[in-house]
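Report on one structure; see the data block that follows.
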Amino acid sequence: MTPSPAAALLEANSRYDIGGCLADIGDVPVVTDAVNVRRRSRDFFWYSPVLNEQLKGKSADVIVTPRDEADVIRVAAACARRRVPLTVRAGGTGNYGQAVPLEGGVLLDITGLAAIEWQRPGLVRVGAGAKMNDIDALTRPAGWELRMHPSTKRSATIGGFVAGGSGGVGSVTYGGLREPGNIVAARIVTVEEEPRVLELRGDAAQKINRAYGTTGIITALEMPLAPAWPWIDLIITFDDFFDAMRVGYDAALADGVVKKLLTPMIWPIPQHFGPLRGHCPEGRHVIFAMIAEPSLESFKAILGSRGTITYEAPHDDAPAVEPLYEYTWNHTTLQWLKQDRTITYLQCLFPHDRLIDSVREMWAMFPDEVLPHTEFIRFAGRVTCSALPIVRYTNVARLNEIIALHEHHGVLIANPHVYTLEDGSRHKRADADQLGFKAEVDPYGLLNPGKMRSYKPARN
Ligand SMILES: Cc1cc2nc3c(=O)[nH]c(=O)nc-3n(C[C@H](O)[C@H](O)[C@H](O)COP(=O)(O)OP(=O)(O)OC[C@H]3O[C@@H](n4cnc5c(N)ncnc54)[C@H](O)[C@@H]3O)c2cc1C
């Protein structure tokens, strides 16, 4: 087939046989205009001043938008045959430059694969490009919802969460995606001349968990569900940040109290909370919480007189509303960045056996430089805190020193200022042989090249 004029122009500007690739994929829709392609080759890497410098000019050559799995297979085959890099993009909300195509090539927009295949009590099977908000909207009428979601639930996809995220709202009860049982199965397409479609069930599904799309193109996922409680959003304020930590810890340990979110944040973080600022009095530290309505009385008994409730309302994430969880997890950082671009952040995991002492130790070490924002979670069956502290940024050397000091004191860091899996994922990484699996499913190393830096292509 003769390449179209657009494809011919692309080919002239590309290192790859893009024209041949587009001819091979036939009528699968493509986007070729350079401005659009460049814009959609980005994600939220700009949170990191380091990644912003490294990634700001990177772009794919073309975007391909498959309508179904058959289209995905055609694109995978064409890229393998023509040795064209292929990077999957979904909602584009990742923070580590995960969906940024370092080597150009094809950007595969997977959001067309969004069908809910089936649901039954406790389980749903969906296209990988389905938005998490849409999944909840379809399962809630039957009394179920996703066990956990990132604070980007309204714009991110389930496939992007599994391939790039780690946990979020709900992880205080269910832990993160890496915990056994939190991904039931994944269907993937391999990148070979004759692509295979593999169903990965149970432990095998961990091979695609937080692999940044380097170990196969996920087309469908089977995800466990949780009872959809009527949730109550709460803001509780405290004189002392460590009182907030202790209340959060007591509530997190109380297995009889059904909760979805427990987020302590030190003042001045709430200063940047726009519409909710009125519920966050000057100088007071906060917990943002989501508690199941039937557990509210028990939660309040745990709180006692240690803090003051300034906001209490049924949870609402209707389209026109900015839900409470969009002030937690990495949205906390975004709320501050909306007003001030001089800060950045870290991603930490505190040791469960000396949690509050460890948070206090780090706070004392960098009192006005690293501001605690913690998220109660379960990790390998223990209650602890993940954290996304706000960092007042000065320079890279100081940032690396802060990271090293955390690690030296037993606080694990999944460094959000690097783009490789090996350096960035750490405690968030799944317990699976992703490197070995990549040799089977992506022998030419075409999937999101540069992100799994230890991979050497099995074939040329
Ligand atoms: C404000 C803000 C808050 C956030 N909060 C959280 C949070 O609470 N918890 C959390 O875990 N993350 C969080 N994130 C990161 C991100 O939003 C989530 O991980 C989200 O689930 C990513 O989904 P996405 O659809 O945007 O994926 P994308 O950003 O498009 O992709 C993420 C990665 O997955 C790969 N990928 C996507 N789809 C597929 C597929 N079908 N097959 C193979 N690979 C695929 C991409 O190549 C990329 O490497 C946050 C980010 C921002 C900007």
Side-chain angles (χ1 to χ4, degrees), residues 40-48 60 66 69 72 76 85-102 106-114 126-133 146 148-171 176-178 182 186-191 200 207-221 261 263 322 325-338 345 347 373 375 377 386 388 414 416 419-421 424-425 428 441-442 447-452:
R40 284 161 69 186
S41 295
R42 295 171 60 83
D43 66 9
F44 282 72
F45 62 77
W46 56 267
Y47 275 33
S48 161
E69 191 180 80
V72 172
L86 190 169
T87 302
V88 183
R89 183 189 203 267
T93 66
N95 293 117
Y96 294 67
Q98 292 162 326
V100 175
L102 300 179
V106 166
L107 193 66
L108 187 87
D109 178 342
I110 199 81
T111 52
L113 277 70
V126 288
K131 281 198 182 145
M132 284 173 272
N133 222 24
L146 288 168
M148 71 195 76
H149 63 79
S151 58
T152 45
K153 177 187 168 196
R154 296 199 298 168
S155 47
T157 66
I158 192 69
F161 186 40
V162 165
S166 55
V169 184
S171 292
L177 286 165
R178 64 185 293 288
N182 280 338
R187 184 175 162 99
I188 65 161
V189 171
T190 66
V191 179
L200 308 172
K207 292 173 180 169
I208 47 86
N209 181 8
R210 205 180 162 85
Y212 298 2
T214 60
T215 55
I217 304 166
I218 309 165
T219 55
L221 285 158
L261 185 72
T263 309
E322 195 174 32
Y325 61 70
E326 288 190 5
Y327 292 81
T328 68
W329 289 87
N330 219 359
H331 267 83
T332 307
T333 321
L334 182 60
Q335 297 295 355
W336 190 314
L337 281 167
K338 280 181 193 170
Y345 76 116
Q347 299 241 8
H373 154 206
E375 296 285 352
I377 58 163
S386 164
L388 301 94
Y419 57 73
T420 62
L421 266 170
S425 273
K428 299 189 174 196
V441 298
D442 180 27
L447 276 171
N448 210 352
K451 301 294 170 57
M452 192 189 275

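Predicted model only: the values in this text are computed from it and were never measured. Whatever order the structure lists them in is the order used to number ligands and atoms, beginning at 1.
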Next on the checklist: With side-chain hydrogen bond (donor to acceptor under 3.5 Å, both in side chains) as the criterion, how do Ser151 and Glu326 come out once you've worked through the C-alpha distance, each side chain's angles and the decisive distance to 0.1 Å?
Outcome noted: CA-CA 6 Å; Ser151 58; Glu326 288 190 5; over 6 Å; no
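- Of the options Pro150, Ala211, Ser151, the smallest heavy-atom separation from atom 5 (N) of ligand 1 is shown by Ser151.
- Those atoms of ligand 1 that come under 4.0 Å of a heavy atom in Phe44, given as number and element, are 53 (C).
- Side-chain atoms of Met132 and Pro150, non-hydrogen and from C-beta on, do get closer than 4.5 Å to each other.
- Shown in contact with Trp329 at under 4.0 Å from a heavy atom are these atoms of ligand 1, numbered in order with element: 8 (O).
- Remark: minimum distance from atom 1 (C) of ligand 1 to any protein heavy atom is reached at Tyr47 OH, 3.1 Å.
- What sits closest to atom 32 (C) of ligand 1 on the protein, heavy atoms only, is Gln98 OE1, 3.7 Å.
- Backbone and side-chain nitrogen or oxygen atoms of Leu334 are examined, and none is located within less than 3.5 angstrom of a nitrogen or oxygen of ligand 1.
- Nearest protein neighbour of atom 37 (C) of ligand 1, counting heavy atoms only, is Gly160 CA, 3.5 Å.
- For ligand 1 and Ile218, the ligand atoms under 4.0 Å from any heavy atom of the residue are 40 (C), 41 (N), 42 (N), 43 (C).
- With a heavy-atom cut-off of 4.0 Å, Ala163 touches ligand 1 through backbone and side chain alike.
- For atom 10 (C) of ligand 1, the nearest non-hydrogen atom from the set Gly168, Gly167, Pro416 comes from Gly167.
- For the pair Asp43 and Gln98, the tightest heavy-atom approach, listed with the atom from each and the gap, is OD2-N, 3.0 Å.
- An N or O contact shorter than 3.5 Å links Thr93 to ligand 1 by distance.
- Atoms of ligand 1 found under 4.0 Å from any heavy atom of Asn95, numbered from 1 in the order shown, are 14 (N), 15 (C), 50 (C), 51 (C), 52 (C), 53 (C).
- Gly127 approaches Ile158 most closely through the heavy-atom pair O-CG2, 3.7 Å.
- The closest protein non-hydrogen atom to atom 29 (O) of ligand 1 is Gly94 N, 2.9 Å.
- Distance alone, capped at 3.5 Å, places no donor-acceptor pair between the Ser171 side chain and the Ile377 backbone.
- Annotation: the span from Gln347 atom CD to Thr333 atom OG1 amounts to 8.0 Å, rounded to 0.5 Å.
- To the nearest 0.5 Å, atom CG of residue Leu107 and atom CZ of residue Arg40 are 7.5 Å apart.
- Rounding to the nearest 0.5 Å gives a distance of 7.5 Å between OG1 of Thr87 and CG of Leu102.
- Remark: ligand 1 atoms within the under-4.0 Å shell around heavy atoms of Ala128 are 41 (N).
- The two residues Ile188 and Thr215 make their nearest non-hydrogen contact at CD1-O, 3.7 Å.
- Within the 4.0 Å heavy-atom criterion, both parts of Asn330, backbone and side chain, lie near ligand 1.
- Side-chain contact between Leu86 and Ile217 is present, with heavy atoms from C-beta onward closer than 4.5 Å.
- Considering backbone and side-chain N/O atoms, Gly91 comes within less than 3.5 Å of an N/O atom of ligand 1.
- Contact between Lys451 and Gly97 at its shortest, heavy atoms only, is NZ-O, 2.8 Å.
- Ring orientation note: the planes of Tyr345 and Tyr47 are nearly perpendicular, at an angle over 60° on the 30°/60° scale.
- When the heavy-atom distances from atom 28 (P) of ligand 1 to Ala186, Gly164, Gly92 are ranked, the shortest goes to Gly92.
- From Thr152, atom OG1 reaches atom CH2 of Trp329 across 11.5 Å, with rounding to the nearest 0.5 Å.
- Taking each heavy atom of Leu177 and Asn182 in turn, the nearest pair found is O-CB, 4.0 Å.
- Residue His373 holds its NE2 atom at 8.0 Å from CG of Asn330, rounded to the nearest 0.5 Å.
- The atoms of ligand 1 that sit less than 4.0 Å from any heavy atom of Thr152 are 2 (C), 3 (C), 4 (C), 16 (C), 17 (O), 18 (C), 20 (C), 50 (C), 51 (C), 52 (C).
- The residue Ile208 has no part lying near ligand 1, judged by heavy-atom distances below 4.0 Å.
- Residue contacts with ligand 1: His331 is placed with no nitrogen or oxygen under 3.5 Å of a nitrogen or oxygen of the ligand (distance criterion only).
- Here the protein heavy atom with the shortest distance to atom 19 (O) of ligand 1 is Gly165 CA, 3.2 Å.
- For ligand 1, the atoms closer than 4.0 angstrom to any heavy atom of Gly216 are 43 (C).
- Below 3.5 Å of separation, one finds no N or O of Ile110 facing any N or O of ligand 1.
- The shortest contact between atom 44 (N) of ligand 1 and any protein heavy atom is with Gly213 CA, 3.2 Å.
- For Thr87, no nitrogen or oxygen atom sits less than 3.5 Å from a nitrogen or oxygen atom of ligand 1, counting backbone and side chain alike.
- The nearest protein atom to atom 11 (O) of ligand 1, hydrogens excluded, is given as Ser166 N, 2.8 Å; this is a heavy-atom distance.
- Within ligand 1, counting atoms from 1 as listed, the ones closer than 4.0 Å to a heavy atom of Asn448 are 47 (O), 49 (O).
- To the nearest 0.5 Å, the span separating CZ on Arg187 from CG on Leu113 amounts to 10.5 Å.
- The main-chain N or O of Asn448 is never found under 3.5 Å from a side-chain atom of Thr214 such that the two would form a donor-acceptor pair.
- Protein heavy atom nearest atom 46 (C) of ligand 1, with residue, atom name and distance: Val88 O, 3.1 Å.
- Where the criterion is an N or O separation shorter than 3.5 Å, residue side chain and backbone included, Thr157 meets it with respect to ligand 1.
- When the heavy atoms of Tyr212, Tyr419, Phe161 are ranked by distance to atom 21 (O) of ligand 1, first place goes to Phe161.
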